[in-house]
Asks: 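Sharing a structure with you now.
Below, all heavy atoms of this structure are taken into account, side chains as well, without hydrogens, waters or symmetry copies.
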Amino acid sequence: RSWKQDRGERRHMAQAASRILPWDLDNTLADFQARIGIVQMKKLGDMSSARCRLAKVYSEELKGSPQITRPVYQENSPYTLYTIRVAGRDNLQFSRRMKQCGVLVDQSYDYVLPKLPEFQCYGNSCYPNAAAAAAEVVNLPFYPELGEKTARLIAACAREALDEAG
């Protein structure tokens, strides 16, 4: 096939897509980005299944830890993060203790939404429950390639970190 045929075919596909897709979609992604996206979408089912298995492992392994509040496990839920709440997270130096075990955890939601400058005009309260939750949030490592054995080791590390903290 010549480059003219490829170009003509792409133009035809773009015209057809413009009838059913948002008007700015063709300006949103470069051709190579769209091709990567299509390949990634084919992996979505496997990635989702792997994350669901990891969530189940974490839920089982962290059950019974009194300082950890786990999310409710739901079969076939589209997990993107596995976020736990650790009572007294900062006082216990939970993140530092996990790092000593070789596990990096994330506290990316350790803020209260109504206190962000963009939202302050909508709230006039102190939001104690949101503040308490923000002070306890921890995201455990959670990517499809992690594997169940490694997830069990991470959960054991979390239990050990809390045991050491007393």
Asks: Taking side-chain contact (heavy atoms from CB on, under 4.5 Å) as the definition, give me every residue that meets it alongside F119, ordered by chain and number, with sequence neighbours left out.
Replies: L113, L116, Y122
Asks: For the residue pair R97 and E160, establish whether any side-chain heavy-atom pair is separated by less than 4.5 Å.
Replies: no
Asks: Could you grab the distance from atom CG of L62 to atom CG of L140, nearest 0.5 Å is fine?
Replies: 6.5 Å
Asks: For the CE atom of M98 and the SG atom of C157, what is their distance to the nearest 0.5 Å?
Replies: 4.5 Å
Asks: To the nearest 0.5 angstrom, please state how far the CD1 atom of I38 sits from the CD atom of Q33.
Replies: 12.0 Å
Asks: Does anything in residues 129-140 pair up under side-chain hydrogen bond (donor to acceptor under 3.5 Å, both in side chains), and if so which pairs, sequence neighbours excluded?
Replies: T83-N139, R85-E136, D106-N139, S108-N139
Asks: Could you identify which residues cluster with M41, counting Ile, Leu, Val, Met, Phe, Trp and Tyr as linked when any side-chain heavy atoms lie under 4.5 Å apart, either directly or through a chain of such contacts?
Replies: L44
Asks: How far does CZ of R96 sit from CG of D90, to the nearest 0.5 angstrom?
Replies: 12.0 Å
Asks: Is there a path of hydrophobic side-chain contacts, each under 4.5 Å between heavy atoms of I, L, V, M, F, W or Y residues, that connects L162 with V138?
Replies: yes
Asks: Grab the two heavy atoms, one from A50 and one from P144, that are nearest each other, plus how far apart they are.
Replies: CB-O, 3.7 Å
Asks: Quick check: is L153 connected to V103 through a chain of hydrophobic side chains (ILVMFWY, heavy atoms under 4.5 Å apart)?
Replies: no
Asks: Return the minimal non-hydrogen interatomic distance between A151 and V57, and the atom names on each side.
Replies: CB-CG1, 3.8 Å
Asks: Only counting residues at least two apart or in another chain, list the ones meeting side chain to side chain donor-acceptor pair (under 3.5 Å) with Q74.
Replies: none
Asks: Quick one: do Y143 and V39 end up in the same hydrophobic cluster if we chain Ile, Leu, Val, Met, Phe, Trp and Tyr together by side-chain heavy atoms under 4.5 Å apart?
Replies: no
Asks: From R152 CZ over to L146 CG, what is the distance, rounded to the nearest 0.5 angstrom?
Replies: 11.5 Å
Asks: Please collect all salt bridge (Lys or Arg N to Asp or Glu O under 4.0 Å) contacts where either partner lies in residues 42-57, sequence neighbours excluded, each pair once.
Replies: R53-E148
Asks: Between E61 and R159, does any side-chain N to carboxylate O distance fall below 4.0 Å?
Replies: yes
Asks: Do L92 and I154 belong together in a cluster built from hydrophobic side chains that touch within less than 4.5 Å?
Replies: yes
Asks: Pairs in or reaching into residues 37-92: which pass ring-ring contact (aromatic ring centres under 6.0 Å, His included), with residues at least two apart or in two chains?
Replies: Y58-Y82
